[in-house]
Number of protein chains: 2
Amino acid sequence: MSEKTTHNHIVEAADQLFYRQGYEHTSFSNIADAVKISRGNFYHHFKSKDEILDAVIHVRLANTRKMLDQWEIEGKTPEDRILSFIHILIGNRAKIKRYGCPVGTLCSELAKLNHGSQAEANKLFTLFRTWLCRQFILLGRKTDADELAMHLLARSQGVATLANAFHDEKFIKQEVKLMCDWLRSSTESTAQAEHSSNPSL
Amino acid sequence: MSEKTTHNHIVEAADQLFYRQGYEHTSFSNIADAVKISRGNFYHHFKSKDEILDAVIHVRLANTRKMLDQWEIEGKTPEDRILSFIHILIGNRAKIKRYGCPVGTLCSELAKLNHGSQAEANKLFTLFRTWLCRQFILLGRKTDADELAMHLLARSQGVATLANAFHDEKFIKQEVKLMCDWLRSSTESTAQAEHSSNPSL
DNA sequence: ACTTGATTAGGACGGTCATCCTACTCTTGC
DNA sequence: GCAAGAGTAGGATGACCGTCCTAATCAAGT
């Protein structure tokens, strides 16, 4: 994995804390305690809390890119790869139940704070969006690929939000099944459905 | 409407600020400035910030109940009423684009803060859930009514989250159309679909 | 051994926060 | 007219925040 530098330790600890407690609610003391480092010592590694946030976002972006690239290699078909995306919800269901989606909750919080790193955080969404978009294009849905990508992204977000609110893992599995069915019925007729009255397919 | 008491002014101002800035990021000074009242004077009306939050939640619950009751009167069919629910997204699209869903973002924030009023805030979700559930039962879907209610709730949440992140109102309209189509195809065959392999209908 | 630069610890600073306190100003009933 | 209580103002308090500063420690090259 990554080197065992203090720098990385800080970013990893901050990453976890930002996810579990939120960015604003996580203080320097919290991170310091987690890394077991003096509070004032941070400023040799980061100029400000915002800079830590940026580092966290970029690590998340890099990890996500790595994951998507891996799927691009492993997944035989675009459909397989999209299924891998959907199954993130299953793999992370315990954490999602407790803390929600790491991407969605961070973007929502930064939007409320009107924080300068909103655009950077939103790149996490864009990353998934363009990747999904590409998979749908490969499935022959070039005209509505982005709509389908956004649709899937939105459904994942909704599932995470409600699973978190209701502390319900079963609901995640239930909705994942629906999403898989939706995808399957989407690929049954490989032909374009451009002029269909029901673009949900 | 409600009386013009200072108490109500505080709750209304807090309601707006909690929605726009988040609960934690809203200070007593912010609310004081909005109501044009001295900071220290709050404690004649509320014992603590948490108490203001509880008041805000209960006002939102009351308003939501009123809205749903109204739809119960106006909407000729259960389908009409569910359409009214879906069209909240259209009516509030400008605010959703800027601040997300008032219910979802509040519940997410309180979950991160591990706040004592989480259960109260979640009642807002439960309110919609049980109401939608009842409508689906009236549509003859008594076996999977709750699943359908949760499904619709989740999709609304996802739409709000992404519309906020991407600052995209068009996406809201696009997804609302899909949700309406989904509902329509759901009611076309009024018969039960209990043993269908695709419960999304 | 000694210097040099990176790393660390821990306290100081100014600001903001929720909360509390006290004094002042209304209103209202007698 | 006055007493009493509700409502108001604004400052004090202590805690915590992000940030900064300084001195101590460590590592490495000479």
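No hydrogens, no waters, no symmetry mates; every other heavy atom, side chains included, goes into these values. Letters go in sequence order (proteins before strands), and every chain restarts at 1.
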K.L.:
Can you tell me how the ring of A:H151 sits relative to the ring of A:W182, calling it parallel under 30°, perpendicular over 60° and tilted otherwise?
P.N.:
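Answer is tilted, since the angle falls between 30° and 60°.
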K.L.:
Between side-chain atoms of residues 166-174 of chain A and protein atoms elsewhere (two or more places apart, or another chain), which donor-acceptor pairs fall under 3.5 Å?
P.N.:
from: A:D168; atom 1: OD1; to: A:K170; atom 2: N; distance (Å): 2.9
from: A:D168; atom 1: OD1; to: A:F171; atom 2: N; distance (Å): 3.0
from: A:E169; atom 1: OE1; to: A:R93; atom 2: NE; distance (Å): 3.2

K.L.:
Quick one: list whatever passes side-chain hydrogen bond (donor to acceptor under 3.5 Å, both in side chains) with A:D15, sequence neighbours left out.
P.N.:
A:R60
K.L.:
Listed by chain and number, what are the side-chain hydrogen bond (donor to acceptor under 3.5 Å, both in side chains) partners of B:W131, not counting sequence neighbours?
P.N.:
B:E72
K.L.:
In chain order, what residues pass the side-chain hydrogen bond (donor to acceptor under 3.5 Å, both in side chains) check against A:T77, with sequence neighbours excluded?
P.N.:
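A:T77: side-chain hydrogen bond (donor to acceptor under 3.5 Å, both in side chains) contacts with A:D80.
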K.L.:
Looking at residues at least two apart in the chain, or sitting in another chain, which of them share a side-chain hydrogen bond (donor to acceptor under 3.5 Å, both in side chains) with B:N30?
P.N.:
B:S27
K.L.:
Please round to the nearest 0.5 Å and tell me the distance separating atom NE2 of A:H45 and atom NE2 of A:H9.
P.N.:
11.5 Å
K.L.:
Side-chain atoms of residues 49-58 of chain B: list all donor-acceptor pairs with protein atoms under 3.5 Å, sequence neighbours left out, distances to 0.1 Å.
P.N.:
from: B:K49; atom 1: NZ; to: B:Y23; atom 2: O; distance (Å): 3.1
from: B:K49; atom 1: NZ; to: B:T26; atom 2: O; distance (Å): 2.8
from: B:D50; atom 1: OD1; to: B:Y23; atom 2: OH; distance (Å): 2.7
from: B:D50; atom 1: OD1; to: B:H115; atom 2: NE2; distance (Å): 3.0
from: B:E51; atom 1: OE1; to: B:K47; atom 2: N; distance (Å): 2.9
from: B:D54; atom 1: OD1; to: B:S117; atom 2: OG; distance (Å): 2.8
from: B:H58; atom 1: ND1; to: B:D54; atom 2: O; distance (Å): 3.0
from: B:H58; atom 1: NE2; to: B:E120; atom 2: OE1; distance (Å): 2.9

K.L.:
What distance do A:L106 atom CG and B:S108 atom OG have between them, rounded to the nearest 0.5 Å?
P.N.:
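It comes to 12.0 Å.
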K.L.:
Quick one, which residues of residues 15-36 of chain A touch DNA chain C with a heavy atom under 4.0 Å?
P.N.:
none
K.L.:
Say you draw a straight line from CD1 of A:I31 to CD of A:E12; how long is it, rounded to the nearest 0.5 Å?
P.N.:
13.0 Å
K.L.:
For A:A34 and A:A13, work out which heavy atoms get closest and say how close.
P.N.:
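Answer, listing the atom of A:A34 first, then A:A13: CB-CB, 4.0 Å.
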K.L.:
Short of 4.0 Å, heavy atom to strand atom, which residues of residues 37-44 of chain B count as contacting DNA chain D?
P.N.:
B:I37, B:S38, B:R39, B:G40, B:N41, B:H44
K.L.:
Walk along DNA chain D from 5' to 3' and tell me the first and last nucleotide with an atom closer than 4.0 Å to a non-hydrogen atom of chain B.
P.N.:
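Listing 5' to 3', DNA chain D meets chain B from D:dG7 to D:dA12.
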K.L.:
So which heavy atom on B:L132 is nearest to which on B:A149, and how close?
P.N.:
CB-CB, 3.7 Å
K.L.:
Describe, as an angle rounded to 10 degrees, how the axis at the first end of the helix from C:dA1-D:dT30 to C:dC30-D:dG1 is tilted relative to the axis at the last end, five pairs per end.
P.N.:
10°
K.L.:
For the pair B:K66 and B:D69, evaluate salt bridge (Lys or Arg N to Asp or Glu O under 4.0 Å) and give the outcome as yes or no after the intermediate values.
P.N.:
CA-CA 5 Å; B:K66 206 189 300 173; B:D69 287 349; over 6 Å; no
K.L.:
Going by the rule side-chain contact (heavy atoms from CB on, under 4.5 Å), which residues pair with B:R98 if we only count those two or more places apart in sequence or in a different chain?
P.N.:
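So B:R98 forms no side-chain contact (heavy atoms from CB on, under 4.5 Å) with any residue.
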K.L.:
I'd like the 5' and 3' limits of the part of DNA chain C contacted by chain A, with heavy-atom contacts below 4.0 Å.
P.N.:
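Listed 5' to 3', the contact boundaries are C:dT7 to C:dA12.
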K.L.:
Which pair of heavy atoms, one from A:C101 and one from A:A160, lies closest together, and at what distance?
P.N.:
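Result for this residue pair: CB-CB, 3.7 Å.
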